[in-house]
Structure formats: C-alpha cells, structure tokens
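Keep in mind the model is a prediction, meaning the values are calculated, not measured.
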Amino acid sequence: MIGDERGAGLVAGVVTGNLRLLLGMLRANRPWRLAVGLSRALVAALAAGVFALVTNDIWLLADNLGWVRQLLVAAISVAAVVLALLLGAHLWERSPPPSEDPEVARNTREQVVLLNIVTVTTLVIGVLALYGALFLISLLGVQLLVPPDLQGDALNHRVDFSDQAELAWLASALATLGGALGAGLESDETVREAAYAYQPDRSLTD
C-alpha cells in the first residue's frame, strides 16, 4: 500500500513538474498520425469495419445494445489496441537497477515515468483519432452500403439517423478491435516510428 502511494506520488510529481515538457513531447509525437504509420493495422480495421456494416447480426446488436454498452465496447476496443501496441512493441520502459547515488536514481525514475506517461498518452490519443476517423468512414459506409428499408426490415422498425449512427459506432468499435489484430503484425520498429517523432533515450533502462 505504501509502495502504491509512493508510486502515485511520483507520477503526480512528474506530471505537475514537467507538464510543459510532457505537452511538448506529445505535440512533437503528433499522435493523431499514429494510424497512418501502421498500414497493416489500418487495413485490418477497415476490413473489419466493412464486414460489420454488411452483417445482419451486427445491425441487430447495434439496435439492442444501447449507448451505455456501446460506449463500453468502444472503450474496450480502444484499450485493446493501446495494449497491443504498448506490449507487442515493448514500448513500456522499465526502471533500471537501483543506483548507489539516490539523486541519480530519483532522476532516472522520473525520466522513465515521464517517458511512459508520454507513450501511453500518445497511443490513447492516436487510437482515439483512429476511432473517430473510422466512425466517420463507417457512417458514410452505412449511407452507401446499407439501404434503410433493408435495415428496417431486419430491425422490424423504421430506421432513422440515430439507428444508422448506432450501427456506425459499433462497426467502428469492431473495426478498432480488428486494428488491434493488425497491430500485432507490425514490426517493433514500425510501431516505434509511428508512435514517436522523437526517440526515447533507451540507455536509461538498458
């Protein structure tokens, strides 16, 4: 418990003490461009999204889930991609062995925490940007690929824009999960190049 409190205090101290640096590193990373650099993940996401749009069972599921569950599914899909990238490409930096100099050890730990905060935040923003783009594409896809009369027959009620938005939202969540599978096919170097505009100093943890 004490260790958890110290860890939380260290993270809070790093964030508050290095907020300007953290924001600068995030801006330099341009996380909204993450998906563009991961071609396999993007292709897998688009393929999963198209499949979801033309599947009757997905229409029924989107109609019955409700927005609370839809948001939960979206959160899970985003988390899945972030974890796939973070763990699959070994982006999480570990603290080095303790140093004999307490000041050096403290500074090194702070740098590792800062790098991990920036990495996770970069991935979250990048995947959320991917999700938003997939939602817009899915919404357009619903208009082009799913006739309202056909969708209405499957749902047994008249279809309006909210029904189309629900379908596009669920399709985006499934597409994002497909992106997690595609991310597993990317090399570590490709993921790092997509995630970082700057290169972390890996000598800190080696």
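- For D160, the side-chain hydrogen bond (donor to acceptor under 3.5 Å, both in side chains) partners two or more places apart in sequence, or in a different chain, are S162.
- Atom-to-atom distance recorded for L53:CG and L139:CG is 9.5 Å, nearest 0.5 angstrom.
- No path of Ile, Leu, Val, Met, Phe, Trp and Tyr side chains, each step under 4.5 Å between heavy atoms, connects F135 with I125, placing them in separate hydrophobic clusters.
- Take D63 and apply the side-chain hydrogen bond (donor to acceptor under 3.5 Å, both in side chains) test, not counting sequence neighbours, and it matches H157.
- Side-chain atoms of T121 do not come within 3.5 Å of backbone N or O of V118 as any donor-acceptor pair.
- Residue L65 holds its CG atom at 11.0 Å from CG of L71, rounded to the nearest 0.5 Å.
- Smallest separation of non-hydrogen atoms from L86 and T119: CD1-CG2, 3.8 Å.
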- Could you walk me through whether W59 and V142 pass side chain to side chain contact (heavy atoms under 4.5 Å, CB included), step by step? CA-CA 11 Å; W59 300 355; V142 171; over 6 Å; no
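- Linking ILVMFWY side-chain heavy atoms closer than 4.5 Å, directly or via other members, places L60 and L170 in a single hydrophobic cluster.
- Here the straight-line distance linking atom CG of L123 with atom CG of L130 works out to 12.0 Å at 0.5 Å rounding.
- Although no hydrogens or angles enter the test, the distance criterion places a donor-acceptor pair under 3.5 Å between the side chain of Q70 and the main chain of E166.
- Residues L167 and L150 share a hydrophobic cluster, clusters being chains of Ile/Leu/Val/Met/Phe/Trp/Tyr side chains in contact below 4.5 Å.
- The CG atom of L61 sits 11.0 Å away from atom OG1 of T55, with the distance rounded to the nearest 0.5 Å.
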- Task: Check step by step if side chain to side chain contact (heavy atoms under 4.5 Å, CB included) holds for V159 and D149.
- Result: CA-CA 7 Å; V159 170; D149 293 341; over 6 Å; no
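- Note on L177 and V50: separate hydrophobic clusters, where clusters join Ile, Leu, Val, Met, Phe, Trp and Tyr whose side-chain heavy atoms are under 4.5 Å apart, directly or indirectly.
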- Message: If you apply the rule side chain to side chain contact (heavy atoms under 4.5 Å, CB included), what do you find for V120 with W92, and how did you get there?
- Response: CA-CA 8 Å; V120 172; W92 184 263; 3.8 Å; yes
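- A distance of 9.5 Å separates CG in L174 from CZ in F51, rounded to the nearest 0.5 Å.
- The other residues sharing a hydrophobic cluster with I76 are L72, where clustering joins ILVMFWY side chains under 4.5 Å apart.
- In terms of modelled atom types and a separation under 3.5 Å, the side chain of Y131 and the main chain of A175 share no donor-acceptor contact.
- Atom CG in L155 sits 8.0 Å away from atom CG in N64 (nearest 0.5 Å).
- Under the 3.5 Å distance criterion, with hydrogens and angles disregarded, a donor-acceptor pair is assigned to the side chains of Q164 and Q143.
- Using a 4.5 Å cut-off on side-chain heavy atoms (C-beta onward), L134 and L46 make contact.
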